[in-house]
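Since the structure comes first, as structure tokens, the remarks are kept for the end.
Because the structure is predicted, anything quoted here is derived from the model rather than measured. The residues of the chain are indexed from 1 along the displayed sequence.
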Amino acid sequence: MKRFFFTPFLVLFCFVVFAQNKSLLELKYEENYTPTYKEVIEMYQLLDKTYPNASLLEKGKTDIGKPLHLFVINSEPVFDPQRIREQGKSVLLINNGIHPGEPVGIDASLKFADDMLRNKNKMQKWLENTVIIIIPAYNIGGLLNRSATNRANQSTPYETGFRGNAKNLDLNRDFTKNDSENAKSFTKIFQEWNPDVFLDTHTTNGSDHQYSVTWIPPFPDYFPPAQEKFLREKMLPQMFEKMKKGEYELTPYVNWMHRDPKKGIQMWQDAPRYSSGFASLFNSYGMMTENHVYKVYSDRVKSCYEFICSLAEFTFEYSEEIITSRETGIEELLSAENYPLSYEVDTMKYSTITFNGYEANDEIIDKVTGLPRFGYDRTKPYSHEIRYYDVYNTVEETQIPEYYILPQGWKEVIERLKLNGIEFYTISKDISFDVEVDYIDDFGGPPQPYNGHYFHSKVTTHREIQNLEYYAGDIIIPVRQKKIKYILEMLEPKAMDSFFRWNFFDSILDQREYFSTYGFEENALKYLESHPDFKSKFLEKRNSDPEFAKDHRAQLAYIYNNTEWAEKTCKRYPAAKIFKKFSENELKSF
């Protein structure tokens, strides 16, 4: 009789082969149940233990004190991003649970990981040139704050997490300012893996329509020409086509121009504060799914799952072109002379799409109040050709400097530059430079804090050339490095989500010196006597402006604010610009 000896490896091999034929995970989305944080991690741990080509990693802390996990799926048991890059593989990163009241991606990614690892429908083919990495649950604090009453606009699933994290931050407004430990840990993951394609999964309760899933694609006009071309000619049309072949057709996110989508919708512009906009700062193709809250939960999960499958397949099919287009896009940015700071939709350019909606109605009677309200009549579905405004024009741009120079005192900014892998030189001795500086002429924003900050939504500036002193320990940042877009977006004060807009430089807005109407009189008189041209200008204003002539303090303030007495540092933006190119030896000698 022949005897067989089962080695530990053979036992594992047999178990994996058996597991490929059966799902390991028991998901309950058909029962309107989404897993708890503990259940999510336990399911990924089970996949980790079962499959040698998958690994669940801990990648830093979150504000609740628990680790941020990353689940890596490869074609082989290699989980080092540098080795994977050397193999020429593309990286697809999927983020879930940033808003835990929108949990579809948590369920969909678990189903996707399970199916991928057991090679359902030969899905593992996609791993030949692509590594898929998944953040199981990003907002852990919000996910642990679970309740049936967290999301008032949805009835399923019956329990979900809370939108705010452990610091009550909306984490999808925190990617540039990095106030949370979650964002810091995410940034480390992002910079370590440098994903080529990034997906963040969401749910929306906006316009009512017939679709279970909508898509906020990468914003083409954010990208340099090679990447914009790839998006418009390859990624956008093919993703819509792939989804059309499945059970759940895809439509662009319904970004209203009017309450009735029949009148047209416009492409969503995702600012860098959002995850997808943050991804674009590094020429990564970042996007969001927005599943429709008014659809049953199982359809939301399954449509998100289909999107993830379509995206993984697309990334596999175009892996080399995705990587090449990113490299070309960076080279195009490095050779550019100007950089766009703001955009507006072009209302003269649009495409047409078929939109499956419901008739809009201003006279629907509310069942609670008995009063008329705006809404959509689900008894009146339609399929209609509508305008889709997907082209934006540059409103304002700036000349790209060769360097920014930043005093060392702005440590919070320097920490974030380091976190994102920005290269810079540290000045070794006290030295002066001719620099171009921005002055903040005006700024403003909402009276209430926005995600922990008083965001400057309005910023106007003017520029001056000055010779400024810098000291050992200050930093010089070469702009023309691979992460040029991040540098420009964060250090240009008028850029959409700059450090200035998020209050990192607000202390420059305060005036530190001042004058008293009693004490300044003698110095003001001396100044007028020694500067006859200015004195003539002052007297001319007093003679032509009766109110000014009657105001003692206003006259002294005019002298103070328009002469050398005024503080040069007040409202002077700290990140100065240098347009001259230095040699490597010169930079090291400073």
Next on the checklist: Apply salt bridge (charged side-chain N to carboxylate O under 4.0 Å, His left out) to residues Asp434 and Lys580 and explain how you reach the verdict.
Outcome noted: CA-CA 10 Å; Asp434 288 329; Lys580 175 185 175 182; over 6 Å; no
Item to check | Sidechain-backbone polar pair: Tyr138 side chain, Ala183 backbone, donor-acceptor under 3.5 Å | outcome: yes
Checklist entry - Would you say the side-chain atoms of Lys167 pair up with the backbone N or O of Asp179, donor to acceptor, closer than 3.5 Å? => result yes
Next on the checklist: Looking at Phe548, is its backbone amide N or carbonyl O close enough to the side chain of Gln555 to form a donor-acceptor pair, meaning the two atoms are under 3.5 Å apart?
Outcome noted: yes
Item to check | Salt-bridge contact Glu233-Lys229 (side-chain N to carboxylate O under 4.0 Å) | outcome: yes
Item to check | CZ/Phe455: more than 12 non-hydrogen atoms of other groups inside 6.0 Å | outcome: yes
Item to check | Glu423, CD: over 12 other non-hydrogen atoms inside 6.0 angstrom | outcome: no
Checklist entry - Is the NZ or CZ atom of Lys485 positioned over Phe223's six-membered ring, under 6.0 angstrom from the centre and within 45° of the axis? => result yes
Checklist entry - Looking just at side-chain N and O atoms, do Gln269 and Tyr274 make a donor-acceptor pair shorter than 3.5 Å? => result no
Next on the checklist: I'd like to know if the side chain of Ser428 reaches the main chain of Phe590, judged simply by a donor and an acceptor atom lying under 3.5 Å from each other, with no hydrogens or angles considered.
Outcome noted: yes
Item to check | Between Gln227 and Tyr222: side-chain donor-acceptor atoms closer than 3.5 Å | outcome: no
Next on the checklist: Main chain of Lys234, side chain of Tyr318: is a donor-acceptor contact present, judged purely on distance under 3.5 Å?
Outcome noted: no
Item to check | salt bridge (charged side-chain N to carboxylate O under 4.0 Å, His left out) between Arg512 and Asp510, worked out | outcome: CA-CA 6 Å; Arg512 290 288 167 248; Asp510 295 340; 3.0 Å; yes
Item to check | Minimum-distance pair of heavy atoms, taken over all atoms of Met288 and Trp215 | outcome: O-CD1, 3.2 Å
Checklist outcome for this item: Note: Asn283 and Gly329 closest approach over all heavy atoms is ND2-C, 4.1 Å
Next on the checklist: Taking the side chain as everything from C-beta on, heavy atoms only, tell me whether Tyr285 gets closer than 4.5 Å to Ile322.
Outcome noted: yes
Item to check | Worked verdict on Asp200 versus Ser275 for side-chain hydrogen bond (donor to acceptor under 3.5 Å, both in side chains) | outcome: CA-CA 7 Å; Asp200 203 357; Ser275 61; 2.5 Å; yes
Next on the checklist: Could you report the tightest heavy-atom contact between Ile400 and Ala336, atom names first, then the distance?
Outcome noted: CD1-O, 3.6 Å
Checklist entry - Going by the angle between their ring planes, with limits at 30° and 60°, are Phe499 and Phe505 parallel, tilted or perpendicular? => result perpendicular
Next on the checklist: Is it the case that atom CD in Glu521 sees more than 12 heavy atoms from other parts of the structure closer than 6.0 Å?
Outcome noted: no
Next on the checklist: I'd like to know whether Glu228 forms a salt bridge (charged side-chain N to carboxylate O under 4.0 Å, His left out) with Arg232, so could you lay out the CA-CA distance, the side-chain angles of the two residues, the decisive distance to 0.1 Å, and finally the verdict.
Outcome noted: CA-CA 6 Å; Glu228 180 183 2; Arg232 294 196 187 276; 3.1 Å; yes
Checklist entry - Hey, is the main chain of Ser180 close enough, under 3.5 Å, to the side chain of Asp174 for a donor-acceptor pair? => result yes
Item to check | Among Tyr527, Phe515, Trp565, Phe538, the one residue meeting ring-ring contact (aromatic ring centres under 6.0 Å, His included) with Tyr560 | outcome: Phe515
Checklist entry - Given Glu492 and Lys577, is the salt bridge (charged side-chain N to carboxylate O under 4.0 Å, His left out) satisfied, shown in steps? => result CA-CA 10 Å; Glu492 279 297 322; Lys577 301 178 180 71; 3.5 Å; yes
Checklist entry - Above 12 or not: heavy atoms from other molecules or residues under 6.0 Å from CD of Glu192? => result yes
Item to check | Donor-acceptor contact below 3.5 Å, side chain Arg173 vs main chain Arg273 | outcome: no
Checklist entry - Quick check: are there more than 12 heavy atoms from other residues, nucleotides or ligands sitting under 6.0 Å from CD of Glu522? => result no
Checklist entry - Are the side chain of Asn96 and the backbone of Thr201 linked by a donor-acceptor contact shorter than 3.5 Å? => result no
Next on the checklist: Minimum heavy-atom separation for Phe175 and Pro272, please, with both atom names.
Outcome noted: CB-O, 3.9 Å
Item to check | Side-chain heavy atoms of Phe355 within contact of Val254, under 4.5 Å | outcome: yes
Next on the checklist: Given Ile64, which partner from the list Asn182, Ile140, Asn165, Asn145 fulfils the side-chain contact (heavy atoms from CB on, under 4.5 Å) test?
Outcome noted: Ile140
Item to check | Asp441 side-chain N/O to His462 backbone N/O, donor-acceptor pair under 3.5 Å | outcome: yes
Next on the checklist: Quick one, Tyr454 and Asp506 - any side-chain contact, counting heavy atoms below 4.5 Å?
Outcome noted: no
Item to check | Glu102 side-chain N/O to Thr203 backbone N/O, donor-acceptor pair under 3.5 Å | outcome: yes
Item to check | Shortest non-hydrogen separation from Arg501 to Ser457 and the atoms involved | outcome: NH1-O, 3.2 Å
Item to check | Asp438 and its salt bridge (Lys or Arg N to Asp or Glu O under 4.0 Å) partner, picked from Arg572, Lys494, Lys571, Arg463 | outcome: Arg463
